[in-house]
Amino acid sequence: MSTPVRVRFCPSPTGSPHVGLVRTALFNWAFARHHGGQIVFRMEDTDRERSTQESYDAILELWRWLGLDWDEGIEVGGPHGPYLQSERGDIYRDVLSHLSASSYTYDCFCRNDEVEARRKASGSKAQGYDGFCRDLSAEQRAAFEAEGRQPIVRFRMPEGSITWNDAVRGEITFETENVPDYALSRANGDPLYTLVNPVDDAMMEITHVLRGEDLLSSTPRQLALFEALVELGIATSVPVYGHLPYVMGQGNKKLSKRDPEAHALAYREQGFIPEGLLNYLALLGWAISGDRDVFSMAEMVEAFDIDDVNPNPARFDLKKADAINTSQMRLLPLDEITHRVLPFLKADGVVADPVSDADAQMLELAMPLVGERINKLTEASTMLGFLFVDEADFVRHEELDGPGKDVVKAAYDALAGIDTWSTAAIEEALRVALVERLGLKPRVAFGPVRIAVTGRRVSPPLFESMELLGRDRSMTRLHDAMSEASGAAGSD
RNA sequence: GCCCCCGUCGUCUAGCGGCCUAGGACGUCGCCCUCUCACGGCGGUAACGCCGGUUCAAAUCCGGUCGGGGGUACCA
């Protein structure tokens, strides 16, 4: 048996969580679960300026909604804590001192403008730090300190080349001459991502680092640091790195926080179900097979592996996301849909919170009519609202024209005479009166009636709706509609 | 500039040397079903960036080229 897999979620709590972040988490999750491994959740909040509690909360909320669970870390604890980087300062300082004692790092006193000036003077076209402070003499150092300068700590990149076998891209090599010495800490002593990310991966015994392609070019320096950590006994081994493709927006730019479709939590608000979002996101860079794209997370876990991931960037396509969500909705049993739709109905004021017995009863009767008709949870409110509203608050969202009013009148008259108020009886009466007697096409016949009774052009099936609404309320609405219509049509 | 990544229908992808006159899905177009909507059914549209090479055989391997993207921070 090989080493058990350990992966991590390590978001920075800055801003609203991005769908790309979720995709990365999903692949890590599926990978770990597929291999029976473990997932560590830590928060990378070393950027005090940008980290916020709101973002932190939003991320956890999102993960829970999606069902991306973890085994160790934030809120569940574990043997490698704390899992909040802002609480690991002592650890980083300690690592830094070990690194420094073994000359893996050096203090750098340079200011940016000085580096810039030197580059200009030398005519070099290279970017990045020039290594000026690599081998400072005691005198030079003393002089800088006398000026009151505070040094930052830089990692001393080794000579030669660095190669790794990327889990999604295969072998990648960088010459270290193209990788400048880089900063591990700020002048004020605060550790930077470049330090804390590999250090935590080492100490938390992460075996596979699956992350966004945007971090690919920082991998050689992390690998170099890792070698140092191994030498120092801080890390036991170097993890496998795999760089997942970008999630792109419109055009050729990566999906930015400014794009509305980038915000993962917005999908919940729009009525997506987790199964739908996750399923769609899984398709961005991975496929379960050549002829299928709707699947459960259990199926994904069963089938997923990292070397099947496609390295090309994927464009986020909202239309397809919608379609996948619809397919997942169709897979839910009716009572589950009802259960999930309820919070939306409450939020929209369609039903009271808590739900009254009468509303609960109506809902149970009405859901079969809309369960297969809605593609998002939010659609239930507009579709069902007419059944729950008080007559005094009922509004028709569509106008009825003169002919429409006549149809409603005919419908009213036809329904006034029926004995039993049932779907079949209502349909029979209306068909005879409107289609047969008046010779109307069905859509012309039932359209005005639908508007009169439900207030909308689009509704659940009409006859069933009327049965549920009941005779009195249906007749009242028909009556109101034809009266109002005649009044409104009078001037035409 | 330098370094790195990527390159199959409009989009997401299947394909890992012959099963490919390239398959599926979304989109789109047409038709059917139909009391609206949604669903569903049928059919059409549309791609291996380009040039060389390897091979009996290349979308699949290699090289180049072009194109796109990313990095080049005391951000992550």
Exercise. Start at the 5' end of RNA chain B and walk down; is the nucleotide closest to A:Thr194 or to A:Asp293 reached first?
Worked result: A:Asp293
Exercise. Is there side-chain contact between A:Ser12 and A:Tyr193, with at least one heavy-atom pair below 4.5 Å?
Worked result: no
For this session: Side-chain contact test, heavy atoms from C-beta onward, threshold under 4.5 Å: evaluate it for A:Leu255 versus A:Arg315 and give yes or no.
Result: no
For this session: Just compare B:C37, B:C35, B:C74 and give me whichever is closest to any side-chain atom of A:Ile152.
Result: B:C74
Problem set entry | Base paired to B:A46 (Watson-Crick or G-U; both N/O distances under 3.5 angstrom) | none
Exercise. Do the side-chain N or O atoms of A:Arg443 get closer than 4.0 angstrom to the phosphate oxygens (OP1, OP2) of B:U34?
Worked result: no
For this session: Could you check A:Asn112 against A:Glu427 and say which one's nearest nucleotide on RNA chain B is further toward the 5' end?
Result: A:Glu427
Exercise. Does any donor atom in the side chain of A:Ser381 or A:Asp348 lie under 3.5 Å from an acceptor atom in the other side chain?
Worked result: yes
Problem set entry | Residues touching RNA chain B, which here means a heavy atom under 4.0 Å, drawn from residues 380-388 of chain A | none
For this session: Kindly indicate whether a cation-pi arrangement holds for A:Arg396 with A:Phe394, taking the cut-offs as under 6.0 Å to the six-membered ring centre and within 45° of the axis.
Result: no
Exercise. Is there a donor in the side chain of A:Asp190 and an acceptor in the side chain of A:Tyr92, or the other way round, less than 3.5 Å apart?
Worked result: no
For this session: With the side chain of A:Lys319 defined as its heavy atoms from C-beta on, choose the nearest nucleotide among B:G27, B:C74, B:U13.
Result: B:G27
Exercise. How close or far is atom P of B:C26 from atom CZ of A:Arg292, stated in whole angstroms?
Worked result: 14 Å
For this session: Treat primed atoms plus P, OP1 and OP2 as sugar-phosphate and everything else as base, then score nucleotides 5-11 of chain B 5' to 3': B for base contact with protein heavy atoms under 4.0 Å, S for sugar-phosphate contact only, - for none.
Result: SSSS--S
Seminar exercise, completed: The residue among A:Lys409, A:Arg473, A:Met466 that forms side-chain contact (heavy atoms from CB on, under 4.5 Å) with A:Leu478 is A:Met466
For this session: Would you kindly say whether A:Arg211 and A:Thr219 are connected by a side-chain donor-acceptor distance under 3.5 Å?
Result: yes
Problem set entry | Closest listed nucleotide, where the reference is the side chain of A:Ser217 and the choices are B:C37, B:G71, B:G24 | B:G71
Problem set entry | Cation-pi, A:Tyr182 ring and A:Arg221 (6.0 angstrom, 45 degrees) | yes
Exercise. When you check the phosphate oxygens OP1 and OP2 of B:A76, does a side-chain N or O of A:Thr46 lie under 4.0 Å from one of them?
Worked result: yes
Exercise. Among side-chain atoms of A:Tyr106 and A:Asp181, is any donor-acceptor pair under 3.5 angstrom?
Worked result: yes
Exercise. Out of B:C3, B:C26, B:C75, which has the shortest distance to the side chain of A:Phe174?
Worked result: B:C3
Exercise. Between A:Asp322 (CG) and B:C39 (C1'), how many Å, whole number?
Worked result: 15 Å
Problem set entry | Options B:G24, B:U13, B:C74, nucleotide nearest the side-chain atoms of A:Ala287 | B:U13
Exercise. Expressed as a whole number of Å, how far does the C1' atom of B:G10 sit from that of B:G18?
Worked result: 31 Å
Problem set entry | A:Arg457 vs B:C35: side-chain N/O to OP1/OP2 distance below 4.0 Å | no
Exercise. Can A:Asn112 and A:Glu116 be counted as having a side-chain donor-acceptor contact under 3.5 angstrom?
Worked result: no
Exercise. Nearest-Å distance, CZ (A:Arg450) to C1' (B:U34)?
Worked result: 11 Å
Problem set entry | Sugar-phosphate only, base, or nothing, as touched by A:Ser12 at under 4.0 Å among non-hydrogen atoms | sugar-phosphate
